[in-house]
Amino acid sequence: MNPSAPENVGISINQICVTAGERTLLDQANAEFKAGEITLIVGPSGVGKSILLRIMAGLLDDSAEGVRWSGSVVIDGAKAKCGAAGVVFQSFALFDELSALGNIEIARASGGKHATRKTPKELLASLRIPANVPTSRLSGGQRQRLAIARTLAYNPSAILYDEPTSGLDPSTGRQVADLIRDTHQEFGKTSVIVTHDYHALMPIADRIFLLDPELGKLEEIESADWEAIPERLAPMAITSVAQEDDVDSFSFGELLRQRIVQVFVGTTGAVIALMMGLISLVPIWRNPVWGLRYFAYYARMVFGPTAFLYLMASGLISGFVTTYFTFKFLPYSDYTGPLLVEDLLTALGFATYRIFVPVLSCVLVAARCGAAVTSDIGGRQFGNQIDALKTIGMKPRYYLLTPIMWSFMIGTPLLSYAAFYVAKYTSLVTFVFADGVRGANFWDQSFHRGLEEPGMFAYQGFGWLISKLLCCGVGIGIISYYQGLKTKYSTSDVSRSVTSTILWATLFSLTVHFIFALFEYEGVVP
């Protein structure tokens with residue numbers, strides 16, 4: 001308890017209405033949470049507590065994911081937005097690619113001049129978090145403390161806790177409650193906890209509000225009546241289950257309606273995604289250091305060493321197959337070979353540079369690199385890391401999409417050229433060994449006859465080639481990001497988004513090459 005807390009309002013909820021499908025969760029709800037206090041919002045599962053928390057954190061649009069809401073939330077006298085309140089997610093939403101120290105450093109850097117004065121190492125020590133253990137290997141309790149430390153590093157006005165004791169045994173639940181109490185006493189933040197586990201958290205609360213699913217209101221429970229909360233919640237839990245069953249009865253019709261709408265708005269959505277992707281090429285980073293760090297992260301993912309080996313292996317196979325089988329199965333080779341070999345090599349060089357390798361490279365980049373990026377973004381979405389970035393003031397469109405776009409813009413041409421040069425020299429070796437008469441000089445002159453021109457720094461058609469490779473890179477980047485960004489409710493959703501990325505990015509790449517082919521080769525004589 002905190003009897004000395006100031007009486008001014010820390011968070012104010014005004015006329016909040018929330019509907020999910022046809023179900024009303026809140027109807028003109030009002031509440032005031034005092035600054036510097038710990039407030040519990042209790043209620044049975046499925047009544048909209050976590051949705052309310054997302055609204056308070058500025059994470060939910062007015063109409064998103066089938067949820068519609070209206071009203072306003074005010075935090076410290078200003079309209080709530082991302083970053084005004086920190087969120088400690090039920091899943092912790094830690095950035096596993098960063099160390100424990102890195103998780104705190106990124107939040108502290110995002111906070112700018114408003115960040116906490118404590119250094120990241122001091123926060124780690126204060127909450128007993130080991131700095132030398134990878135984030136993914138921390139225990140559950142350590143991960144929770146790290147999630148709290150990261151929120152404190154950004155130094156928001158309030159901290160919102162989403163079901164912090166869910167799924168824990170009573171003893172562990174009490175430990176989490178003690179952690180929240182100790183953190184509150186040391187840092188004095190306005191704290192709001194949404195939970196259905198009131199037993200463990202009631203002892204640390206200053207106030208308790210009940211979310212009544214029948215009335216759609218937030219009702220403050222007087223401290224004298226706290227012991228009667230179990231009796232209040234018991235019938236509500238039954239009502240909540242019945243309402244969920246009602247939702248199931250019309251969910252198919254609602255889903256069908258949504259699918260029909262999606263058919264009509266799909267093109268508009270694709271155009272918007274394209275425009276957002278192109279706009280995101282401008283690196284608007286409030287903290288350039290972290291922007292470049294994320295660029296390095298996705299650059300390794302898109303065109304790191306393994307990607308080069310992958311594309312170079314494809315170039316090796318392409319160079320061998322096209323050269324060996326062209327001359328191996330040449331009809332009447334004894335008669336036609338001497339007459340056609342020079343022209344065949346010229347055509348082979350032209351096709352390898354302008355057609356075979358670019359198409360193959362873009363398809364493989366879509367399948368390998370696009371899938372990797374979608375899996376990464378999908379995992380972030382499923383684990384609430386996208387929302388975690390928002391709550392520390394880092395816009396995913398700038399710190400994730402911008403690095404992804406540039407990684408594909410740079411990586412697609414580089415990987416394609418690596419595959420081409422491997423294919424070219426594989427073709428040389430294959431020809432020399434298969435022909436046995438004409439040597440490397442003959443191959444070189446014939447292979448490059450349709451590509452090289454005096455005084456040119458690049459092969460003929462370089463402009464066309466780089467243009468279609470960049471177009472493919474842009475499309476693959478946008479598709480992989482937005483497929484990963486779709487709402488994920490399970491790991492199966494992540495897998496499906498990866499499959500969709502491979503399909504759509506591959507089709508997009510083939511379509512780009514087809515459209516370019518309609519104009520690129522007009523009047524070209526290899």
Side-chain angles (χ1 to χ4, degrees), residues 1-5 10-11 31 33-45 47 49-50 52-53 56-57 85-94 123-130 138-153 156-211 218-234 236-237 384 388 391:
M1 303 289 286
N2 188 9
S4 62
I11 302 177
F33 308 137
K34 299 297 183 181
E37 293 188 345
I38 297 177
T39 301
L40 264 58
I41 300 178
V42 301
S45 297
V47 297
K49 299 188 302 299
S50 293
L52 177 60
L53 178 140
M56 293 166 62
V87 181
V88 179
F89 295 91
Q90 184 177 345
S91 62
F92 310 136
L94 298 174
L123 282 171
L124 288 175
S126 177
L127 291 171
R128 306 185 309 282
I129 306 165
L138 294 174
S139 68
Q142 291 170 335
R143 290 174 68 84
Q144 186 162 51
R145 291 199 294 273
L146 179 56
I148 294 174
R150 184 182 63 188
T151 303
L152 292 169
S157 301
I159 299 180
L160 311 177
Y161 296 85
D162 185 14
E163 299 282 5
T165 60
S166 177
L168 301 180
D169 60 83
S171 176
T172 307
R174 286 192 294 271
Q175 293 177 14
V176 172
D178 292 341
L179 171 63
I180 295 174
R181 180 200 59 208
D182 294 343
T183 302
H184 179 76
Q185 290 177 347
E186 181 175 357
F187 294 91
K189 300 289 183 182
T190 302
S191 302
V192 177
I193 306 171
V194 298
T195 182
H196 64 274
D197 180 20
Y198 48 87
H199 295 291
L201 296 166
M202 189 185 297
I204 68 170
D206 294 297
R207 300 175 189 273
I208 297 179
F209 281 78
L210 176 66
L211 198 163
L218 282 169
E219 176 189 354
E220 183 174 2
I221 306 299
E222 297 296 331
S223 57
D225 298 327
W226 285 5
E227 296 301 325
I229 289 178
E231 287 76 14
R232 294 282 304 273
L233 287 176
M236 292 181 183
N384 288 318
T391 61

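Numbering starts at 1 and runs along the sequence shown. Source: prediction; values computed, not measured.
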**Q** Is a side-chain donor or acceptor of K49 paired with a backbone partner of H196 at a separation under 3.5 angstrom?
**A**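 No, the answer is negative, given that no donor and acceptor are paired below the 3.5 Å cut-off.
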**Q** Mind checking the OG1-OH spacing from T183 to Y161? Nearest 0.5 Å is all I need.
**A**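 Spacing of OG1 (T183) from OH (Y161) equals 5.5 Å.
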**Q** Show the nearest heavy-atom pair for residues A388 and A93, with the distance to one decimal.
**A**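 Where A388 meets A93 most closely, the heavy atoms are CB-O, 3.7 Å.
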**Q** Treating S139 as the side-chain partner and Q142 as the backbone partner, does any N or O pair qualify as donor plus acceptor under 3.5 Å?
**A**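 Yes, because the side chain of S139 sits within donor-acceptor range (under 3.5 Å) of the backbone of Q142.
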**Q** Closest approach of N384 and S91, non-hydrogen atoms and distance?
**A**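 In terms of heavy atoms, the two residues are closest at ND2-OG, 3.2 Å.
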**Q** Do you know the tightest heavy-atom contact between P164 and Q144?
**A**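 Scanning both residues completely, I find the closest heavy atoms to be O-NE2, 3.1 Å.
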**Q** Under the side chain to side chain contact (heavy atoms under 4.5 Å, CB included) criterion, do V42 and I193 qualify, and how do the steps go?
**A** CA-CA 8 Å; V42 301; I193 306 171; over 6 Å; no
**Q** Measure the shortest side-chain to side-chain distance between L52 and L218 over non-hydrogen atoms and say whether it is less than 4.5 angstrom.
**A**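 Counting from C-beta outward, L52 and L218 do come under 4.5 Å.
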**Q** Locate the shortest heavy-atom distance separating I204 from I38; write the atom from each residue and the value.
**A**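 Smallest heavy-atom distance, with atoms named: O-CD1, 3.5 Å.
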**Q** Does a side-chain heavy-atom distance below 4.5 Å link I221 with R232?
**A**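 A side-chain contact under 4.5 Å exists here.
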**Q** Decide yes or no for S166 and D197: does some side-chain heavy atom of the first lie under 4.5 Å from some side-chain heavy atom of the second?
**A**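 Not in contact.
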**Q** Quick one, T190 and S157 - any side-chain contact, counting heavy atoms below 4.5 Å?
**A**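 Of all side-chain heavy-atom pairs linking S157 with T190, none is under 4.5 Å.
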**Q** Supply the atom-to-atom distance M56 CE to I41 CD1, rounded to the nearest 0.5 angstrom.
**A**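 Here the rounded value is 5.0 Å.
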**Q** T195 side chain to E163 main-chain N or O, any donor-acceptor pair under 3.5 Å?
**A**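 Flag not set: sc T195 to bb E163 has no pair under 3.5 Å.
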**Q** Which value, rounded to the nearest 0.5 Å, describes the distance between R181 atom CZ and R174 atom CZ?
**A**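 Taking CZ in R181 and CZ in R174, the distance rounds to 12.5 Å.
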**Q** For D225 and A228, indicate whether the former's side chain and the latter's backbone hold a donor-acceptor pair under 3.5 Å.
**A**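 No, because the side chain of D225 does not come within donor-acceptor range (under 3.5 Å) of the backbone of A228.
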**Q** Kindly indicate, with the supporting measurements, whether the criterion side chain to side chain contact (heavy atoms under 4.5 Å, CB included) is fulfilled by W226 and Y198.
**A** CA-CA 10 Å; W226 285 5; Y198 48 87; over 6 Å; no
**Q** What's the shortest heavy-atom distance between L160 and I11, and which atoms?
**A**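 Heavy atoms only, the tightest pair is CD2-CD1, 4.1 Å.
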**Q** When you look at F187 and L123, which way does the side chain to side chain contact (heavy atoms under 4.5 Å, CB included) test go after all the steps?
**A** CA-CA 11 Å; F187 294 91; L123 282 171; 3.9 Å; yes
**Q** Nearest 0.5 Å, please: how far is CG in L40 from CG in L201?
**A**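 Taking CG in L201 and CG in L40, the distance rounds to 5.5 Å.
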**Q** As an exercise, state the distance from CZ of R145 to CZ of F92, rounded to the nearest 0.5 Å.
**A**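 Here the rounded value is 10.5 Å.
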**Q** Measuring from atom OG1 of T391 to atom CZ of R150, what distance do you get when rounded to the nearest 0.5 angstrom?
**A**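 Separation between the atoms: 6.5 Å.
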**Q** Between D206 and T39 (side chain of the first, backbone of the second, donor and acceptor by atom type, cut-off under 3.5 Å), is there such a pair?
**A**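 No, because the side chain of D206 does not come within donor-acceptor range (under 3.5 Å) of the backbone of T39.
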**Q** Indicate the atoms forming the closest heavy-atom contact of E227 with E231, along with that distance.
**A**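 Distance-wise, the nearest heavy atoms are O-OE1, 3.6 Å.
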